[in-house]
Structures are given as structure tokens and as C-alpha cells.
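Remarks on the structure that follows.
Hydrogens, waters and symmetry mates play no part in the numbers below; they use all other heavy atoms, side chains included. To find a chain, count down the sequence lines: A is the first, B the second, and so on, and within it residues start at 1.
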Amino acid sequence: MMQIKITNPFAKFLVRIADSEIILGQRLAEMCSNAPTLEEDIALSNLGLDCFGRGEELMKLVSALENNAFTPDDCVFRRNEREYFCIKLVEQPNNDFAWVVVRQFLHDVYVTEIFKQLATNEHQELAALSQKVLKEIEYSKMHSFDWLVRLGRGTEESKMRTQNALNVMWKYTEELFLFDEIDKTYLSDTDAIAANWNLGVNEMFAAADLERPADKKRHILDFRKGFHSEFLGLILADMQYLPRAYPDAKW
Amino acid sequence: MMQIKITNPFAKFLVRIADSEIILGQRLAEMCSNAPTLEEDIALSNLGLDCFGRGEELMKLVSALENNAFTPDDCVFRRNEREYFCIKLVEQPNNDFAWVVVRQFLHDVYVTEIFKQLATNEHQELAALSQKVLKEIEYSKMHSFDWLVRLGRGTEESKMRTQNALNVMWKYTEELFLFDEIDKTYLSDTDAIAANWNLGVNEMFAAADLERPADKKRHILDFRKGFHSEFLGLILADMQYLPRAYPDAKW
Amino acid sequence: MDKHEVAFNDLIAQDLKIEPRDWMPEKYRKNLIRQVSQHAHSEIIGMQPEGNWLLRAPSLRAKQVLLAKIQDEAGHGLYLYSVAETLGISRQELVQQLHEGKAKYSSIFNYPTLTWADMGAVGWLVDGAAIVNQVSLQRTSYGPYARSMVRICKEESFHQRQGFEIMVQMAKGTPEQKEMAQDALNRFWEPSLMMFGPHDADSAHSSQSMKWKIKRESNDYLRQKFIDRTVPQIEFLGLTVPDANCKWNEETGHYDHSPFNWDEFWNVVEGNGPCNAERLEHHKKAQSDNAWVREAAYAYAQKTDISAVAQ
Amino acid sequence: MDKHEVAFNDLIAQDLKIEPRDWMPEKYRKNLIRQVSQHAHSEIIGMQPEGNWLLRAPSLRAKQVLLAKIQDEAGHGLYLYSVAETLGISRQELVQQLHEGKAKYSSIFNYPTLTWADMGAVGWLVDGAAIVNQVSLQRTSYGPYARSMVRICKEESFHQRQGFEIMVQMAKGTPEQKEMAQDALNRFWEPSLMMFGPHDADSAHSSQSMKWKIKRESNDYLRQKFIDRTVPQIEFLGLTVPDANCKWNEETGHYDHSPFNWDEFWNVVEGNGPCNAERLEHHKKAQSDNAWVREAAYAYAQKTDISAVAQ
């Protein structure tokens, strides 16, 4: 059994983002052949491909920072639930299409702010990657924003479903901003992230005629310590099955 | 990687039944905390426990016939899709409660006939086990029969859902009776199985006021050669995750 | 004080049982309904965190043990709902209260089960804490509840042993297994101690419940009993108590412990824990997805009744 | 013969393209709609057997390649629906015909994908067979269809290479991987050869289609071309052709093959194959589960149109 422990603080910081993108990619991949229209199927695949792409690039940096003790694939396919550090938001299921776009938008606004700050990071490769990612996310954000407006202002049913998805997933936005020392080391201004995120989502609430759910003090166990919703374990069971079942195989 | 190949013909025969019971158990376990009533939740758990129980006993016989080259757990948790030999019927999902009871009933009537013939098998242990199993199955069959009558004669909706589940799953009944040389070696009268099964299901159709779907010539690839529906692979991914992920661990 | 109340107080004073046919103060009835229904709902909602690992149980034995355990919990829930029914409330009403957030269940079930070791920790710690409480409730003043506790305790202690067995297997297993075992202990230790409820001084219902002998021992007493029993088991497992202040105190004859995070406790009780929304939603969905089945069963029963009359 | 028909026949005779604005015989139009829609539906339904392994793709690269491939198929479907639309039928009508079982799709997609090696076999054999057919259709007489084939062929041959790469990886991998590769080949070999359709003598639409140059090569010719190209690839992989009669024939200059199981072929075409019901049901469910989204988008478009007018 290969044991993958990430110890370098910069790698710890990056793997949080990498894991989040890969798990979101996995959720988007689930939508393949299940979208409302063929055009949307193609659009969601695009978003998924972008997630996997940047997830992989980030994982290469993580792997390099850990002296290539493991490959990016090892990192994705051989860590267990407690060794994953994705945000819980991206683990949430595709209960209906409203969940898909709400999850995407809340994520997009958040990572926009993260990558904006990383775009000027002194680590050249990371900075370059972040600049590229910002363009992808901008597209994704517009896409999910547009859908939220259409759903929020479409029919009674679409409004109700979208508000419901928001109410449920809102719970997983709090932890995004509970930055720890590691975050604060690599992000230039963590306060700005929360402030800008709030601007971004409030703009959407107004445009889509949706209600901002109440912010509450919660106890949901921090993703930075590898705490997850119960969904993650099930995602990993599928995702990791083959490499786990055939440990000697190359794919 | 442990390779589990079953070569003894008697073991090949038994593993078909064992696999079917275990996969059905897995489907019933999925219903845990999802049944229409608490009483039914308990009843379905009972059926599931019976499936796992007899699956394990049969797997012990398989293991013994293969000179204990592998344990019953190895056999369940370390064979892949193509090495499983369950009937496709039991792989079908719990789309709604009608699927659960239709699948159960079609299965129960079938294995009743199988175990009736095995109850007089010269293999003493198998005969004794079969006699015990027949009592369990009798209970299960009554239970699913009762539900089918209630659903078939309940509301418009329940009738429609039940007939639909029947129409879909009927397709997986044909292969049950395409007995091969191995089956014919260990079953005393394979013709009687099909005949009695037809009597049993026809009785149910009459009692539940449901329509018997048309029998057609089909090409669905025989489970006896390890051909499955796409559902099996996904069932195995969950079921086998832990033993695959931690090959050195004992549980 | 009317004669009914005198008779009731007399029964309580003599440590005799109150039975469904007996007169009882309205507040006693309400208090009991609250407690029994909370207990029943806990059994039912408690099926979910364990159900989460049912399909992934790593051996045939583990799978059967877990499924049988969850089935027992359903059975306990059923039994306890029927105890509540003797107090004049229907199962349907009880479930409605649960769905409306008016009735609570044990807050521990709002924590997620994240690895297989959690199946050990839940059985060993959560069922263990429950038993300590339930043993004391075998002497509760309401007869049907007291008798249900006798039966339930037997099964629960079986569950606890099975949970401990999983912990032994993990703690004595591979390094990864041991790590999972320690991690599960870390996560469930404090929440399971808080299961006994607030400290005696802060416990809203405690004093009246003790007077009526609904409750027989105080929260802190039971909690300490559980700690004193469990710490040696942790040592036996070769694991570390996840509380640096948890040491044997010669003076008190008990293990000390750090102050608990009651903010967290109340936050989770009030619905803001890791899985509160998911647990309730799961239960509601199972009910609503299957509404058509219950309607069909009802319709069939009506039809067959009518034809019975017609014959 | 009226002047339109003369002009049409003339274009066909000169190997020029028929364009949407051109007059065409009603049967030509219908025949084309049937063929193009069958092709479009095949792309769409073909997403499912591959989608089945998307969540289980065993490496980041494999996952991205597979997702991109399925996305391309959706794109091809979209493109082909729009080709059909130039013939005067809407996408909605086409999908309805699919759901009603009036329109077909390539029967190969009714086979299940049972192991990861199937992702190799599908890309290599199924896309490979499709390409052989599609290359010949680059010269089909209907302009939009011919042009779509040029673009689609480029992407398909990319897919085929990627499928072959998976086969190489598996065939040259561990013994289990090689076993999976051989098994996938065994299962997909004959069905992919039957993809070219019945023998020329038994092909219902062939002769008229050839006359109209919708179809440019016969089924048997294309099938033989595919076999001749693929057998050496099987040898390269170190795998065994799952047909003992498949040997090089010096006289014909082609590989021989055993007779095919046409009973199986027709049985699957008629809806009685391993996954026919599941494929169609999946497509219907995606449509019906998302009906509210399409309604919302429509309602929103209506509202914003009205407000545009009001301004």
C-alpha cells in the first residue's frame, strides 16, 4: 500500500484546490448524457474538462513540491476520504439541474478570487496557470450566472427548485472563508476573497430574483482537515475502483 | 493481484447461485432506511440477511471444492465483473418499490425450484442447506406475492408502476432457463424448473391482476458466461472498494 | 391536589410503575412523549450514518453484522413508537413532529461517518453511551418504557461488543487501519460524551424528570460512569484518548476531562451540524417517494373490506 | 419526368452535390432523413456505453480523453441533427421518432460495456468501422451531409487512435489487462463487423441509395476493407482474432471470415438486445427529468421578449 502524505505547506495549500477541481469534474462528468439539452451537455462536458485539466496541472505542482514521491495519478486515485482536501460544496450531488448550476456558480465566484491572487504569485508556473484558469472560470461563471437568471426568473417551479438548491448548498459556503495559516501564507489578501465573493453572489441574487439564505454560525467540520460530507466516500469508490483493484496495472 | 478462477464444475454451478444471492442482498441492503414503512424496512433487511447468509454458505462450499485456494470473502470481494456469474435479474436497480418486489418475486419463484432439486442432492451439506433455504424463500415469496397483489389491485398508479417494473424485468427471466451442461449435471430436472416457474408466476398474475409480458426471442448474453448488465460493475465498485483499496488488511 | 394526583405521587414514591391505564399529570405525559419520541427518532435517524457503509462493508460477516444491527435499530424505533402510542400520540404525528423540526433526535447522528472505522466507533462509543443511559432507564417510572429498555439494552450491548470488535480489528491491523481507528476515536470521543446532555446545572428538563423518576441518574453522573469505563478500553486498544487532560484522578476516583465544546453541541442540536439537513431530507424523501405504496396498501385494504361486507 | 427531376438526375450523374435549396425527389429526402437521423441518434445513444465508464476511468488522462470523446459525439449528434433539419424535419421530431422506436440507431450501442478494455474496443473497432463507412460518405450526394462527414471523420479517426492506444496499453499490460483486452475484442468483433449492415444481397435500402449516390460503397465491400485493415492490428496487439476461419486468402487477396450470426443482429435491431430498453429509457429520462429546465428557459425568453417590446 502506497501511503501518500502531503507535508510541504505549499503543496498542502495547492492540493485543496486541486482536489476541489477534480471532485467537481467528477460531478460534472456524471451529467454526461443527462443534461437538459444537447448544447448544455456539451457545455457541461467543457466545464468538466476544464476542472480535470487544471486539477491535473495543480497536482503536478503538488507532486513536484513533494519531490515526486508520487505521481498526480497516485495522488488522485490512491488517497482515501480523510486524505482528500476538497471543499464540501463540490461533493454535493446533481439532485437536479438547479443543483448543478448553483454549485457551479458558488464555486466559480470563489475560485475566481483565489486564482486572481495566485495569478501574481511568485511561483511562475502557478501564476501562468492561474492566468489561464481565470479565463476558463470567467466563461463558466457567465454560463452558470445566465442559467441562474433564467431559472430564477423562469417558472414558479424553476424558481422554487433553484432557491431550494441554494438553501441547501449555502451551508457549505461558510467554510470557504475560514482561512487558516496555510491559506494566509499563499493568498495575498484573504479578507478580499470573502468581500468579493459576497459582492459576486449578491449581484446574482439581484439579477436572478433569488433570496440570499441566512448566514448562520455552523459546525460543519473544516475541509482543510480532511472532513467531508458522506458523498465523498462514494465518489471515491467509483473513481478509484480500477487503480485500487489492479494496483500493478498502468493505464 | 490474487487471481480467482473457478474450475471445478460443481463449484461453477454453485457460484452462480451464490453470486446471485449476494448481489440481490446488496440491492436489498440499498433499501435500508428507504422502505415505505418501518415494518417493511425490517422485512427487507430480513430478506437481505437471508441472501447474504445463504450466499456465504454456498461460497464456503465453492471454496472447499476449489481446495480452499481462496476464502469466501476473496471470492466475493476480489473477482471482477466478468468473473461474476449472477443472474442479471438481481442486478436490476431499486427504481421504485415495485421494482424491489417484482425482482424479489421473480427471483423467489426461480430459486425455490432450484433449491427444491438441490434439497435431495447427494452432497449432504448442500442438501441440508437447501432445505433450510427453502423455508426462508417460502417466507420471502409470500411476502413479495402479498405486495404484488396489493400493488396490482391497489391504485391506478401502483398498478401502472408494477406492470412497468414487470415489463422491464421480464427481459431478464429468459436466460434463467437456458440451462447448460453444468446446470443439467447438478439439477435433476431442468424442464420442471421452467414449468413450475411458469405456474408460479401465472398464479401471481391472476391474483394481482397484472398482465404477463410477452415472451420473445432475445439476445441478452448468458450470465453463465459472465455477461452482465452495466449495473453489476457499479455494484462491485462500492462493494469491493475497501478490500481492493487495502489489500493487506483483515476485516 | 386531587385523588388522582395523590395516587400517582404515591406510585412514584413507592418506586412502582405508571401504566398506560393510570391517571398521570399532563406534564408527565408530555415530558415522557418528548423523551420517548426523541429516543425513537434517534434509533430511526441513527440507521443512516451506519447505512452509509452498508454497501461498502468489507467482508460478508461485517456486512451481515451491520445490516442486522441497523435492522435492530429499526426494531427499537418501532418498539419505542409503540411505547409513545400508549401515551396517546400516533406514529404519524410523531414523524410529522420530526419532519417539522419540533422533535429532536440524538445530535450525534448529525456527524458523518467518514471511514469504515466509524462503524466501530459508533457501535463502541455511541451505543456504549446510549447503554449507560438506557440501563438507568430500566428503572424509569413509566412501565412500558422501562420494559422496552430491558429488551433494547440486551441488543444494544451486543451492538457495542460488535463495535468494539471492529475497533480491535482496526487498531491491531495494518498501520492504515490503526490510523483510521484513532481518527474515528478522535472524531467521536467528545460528541459521544456530550450525548449525555448538558451539565446537570444547565439541564432544562432534568430536575422535574428526576422528581417523576422518568430520569433516574443525572447527566454528569452517567457521563462520568461512561468515561471511567471507556478509558481503559482505549488503552487496551493501544489508542490515545483524544484529550490531554484525561487522566486518572486519585482523589475523585474518576478520570478527569477537559471542558466540552458546548457551543458546538448546541449549534448541532439547533440544526447547524454537519449532516442535520441531509438526515432529515433522507427521511422525508423515503416517506414521500413511497407515498404511492402506502396509498396502494390502503386502497387495497379498503377494497377487500368492502368485498368482505358484500359477501 | 419533369424538369426538376431531370435537373436532379443530372446533378447526381455529374457527381455534383444536392443542396438544401435544390429540388429533390420525396423518396430521396426521406431516405436521407432516415440515414442522417440514424447516424445522429447513433452518436447520441453512443454516449451512454462510454459514459458508463467515465466515473471509473483509471487515470486523469484517460478520464479527460474519454470525456472529450463523448463530448465530440454530442457535437457530431448536434451537427447531424442540423443536417437533418436542412431536409425539413426538426430536432424535436427526430427525437420523438427515436423515443417511439420509429427511428433506429446503430445496433452496436445496445451491447453493454463490461470492463475498461471496452473503452479501447469501442474506440478502435466501433469508431473504426464507423470511419470506414463515413469516409465513403464524404462523397455522398447530399452536400451538407458530405461536408459533415469530412469534419466528423477527422475527429473519429482521432478517437480510433485513442481507442487503439487503450488496447495497446491493456494488451501489453498485466496478465489481467491482457485478458480484459482479449475479452473485449471477443465481444465486439462480430457485432462491429455486422455494423456495416446486411450482406449486399439482403440490404433493403442499398440499391436505391447507391443509385442516388447517398451510399457510395456496398456493405460487404466496406466490411471487407475494415477486416483487412484490422486483422494486422490484432496481430500487432498480440491478441487472437475471435474467428478460427479468419485467415489470409491468397486467391481473393482478403481475409476470410465465418458466416455472421444475423439472427442475433436482427434480434438486437428489433429491440431485443442486451441494452436496448435501458438506452432508450436513459434518453427519455434525461429529457423528462429536465423538462422543467427547458420550460423555464422558454418562459424566461418569452418574458424578456415582452419586456423588450414594452420598452
As an exercise: rank B:E230, B:R82, B:R218 by heavy-atom pairs under 4.5 Å with chain D and give me the winner.
B:E230
Exceeds 12 heavy-atom contacts within 6.0 angstrom, atom CD of B:E156:
no
Would you mind checking which part of D:N276 comes under 4.5 Å of any heavy atom in chain B, side chain (CB onward), backbone (N, CA, C, O), both or neither?
backbone
More than 12 heavy atoms of other residues, nucleotides or ligands under 6.0 Å from CZ of B:R212: is that the case?
yes
Between the CG atom in B:N164 and the CD atom in D:E281, the distance rounded to the nearest 0.5 Å is 7.0 Å
Using a cut-off of 6.0 Å, state whether more than 12 heavy atoms not belonging to D:K285 lie near its atom NZ.
no
Which bit of D:E270 is near chain B, if near means a heavy-atom gap under 4.5 Å: side chain, backbone, both or neither?
neither
With only heavy atoms counted, which part of B:K171 is less than 4.5 Å from chain D, the side chain, the backbone, both or neither?
side chain
To the nearest 0.5 Å, what is the distance between CG on D:N186 and NZ on B:K225?
12.5 Å
Which value, rounded to the nearest 0.5 Å, describes the distance between D:E264 atom CD and B:L221 atom CG?
7.0 Å
Examine whether an atom of D:P175 lies under 4.5 Å from a heavy atom of chain B, and if so say whether it belongs to the side chain, the backbone or both; otherwise answer neither.
neither
For the NZ atom on D:K172, are there more than 12 heavy atoms of other groups (residues, nucleotides or ligands in this structure) within a distance under 6.0 Å?
yes
Could you tell me whether the side chain of D:M180 reaches within less than 4.5 Å of the side chain of B:N80, counting heavy atoms only?
yes
Any side-chain heavy atom of B:E81 sitting closer than 4.5 Å to one from D:W116?
no
Give, for atom NZ of B:K217 and atom CG of D:D263, the distance between the pair rounded to the nearest 0.5 Å.
5.0 Å
Which bit of B:F227 comes within less than 4.5 Å of chain D, counting heavy atoms only: side chain, backbone, both or neither?
both
More than 12 heavy atoms of other groups within 6.0 Å of B:E211 CD:
no
Can you confirm whether more than 12 heavy atoms, excluding those of B:K141, are under 6.0 Å from its NZ atom?
yes
Atom CZ in B:F231, atom CG in D:N52: separation rounded to 0.5 Å?
9.0 Å
Distance (rounded to the nearest 0.5 Å) between B:H228 NE2 and D:T115 OG1:
12.0 Å
Please look at B:E175 and chain D and tell me whether the side chain, the backbone, both or neither of the residue comes under 4.5 angstrom of a heavy atom of that chain.
neither
Any chance you could lay out the side-chain contact (heavy atoms from CB on, under 4.5 Å) test for D:W266 and B:H219, step after step, and finish with the verdict?
CA-CA 10 Å; D:W266 289 114; B:H219 175 76; over 6 Å; no
Please check if the side chain of B:K216 supplies one atom and the backbone of D:N267 the other of a donor-acceptor pair under 3.5 Å.
no
Given heavy-atom pairs under 4.5 angstrom as the criterion, report whether the side chain, backbone, both or neither of B:L234 touches chain D.
both
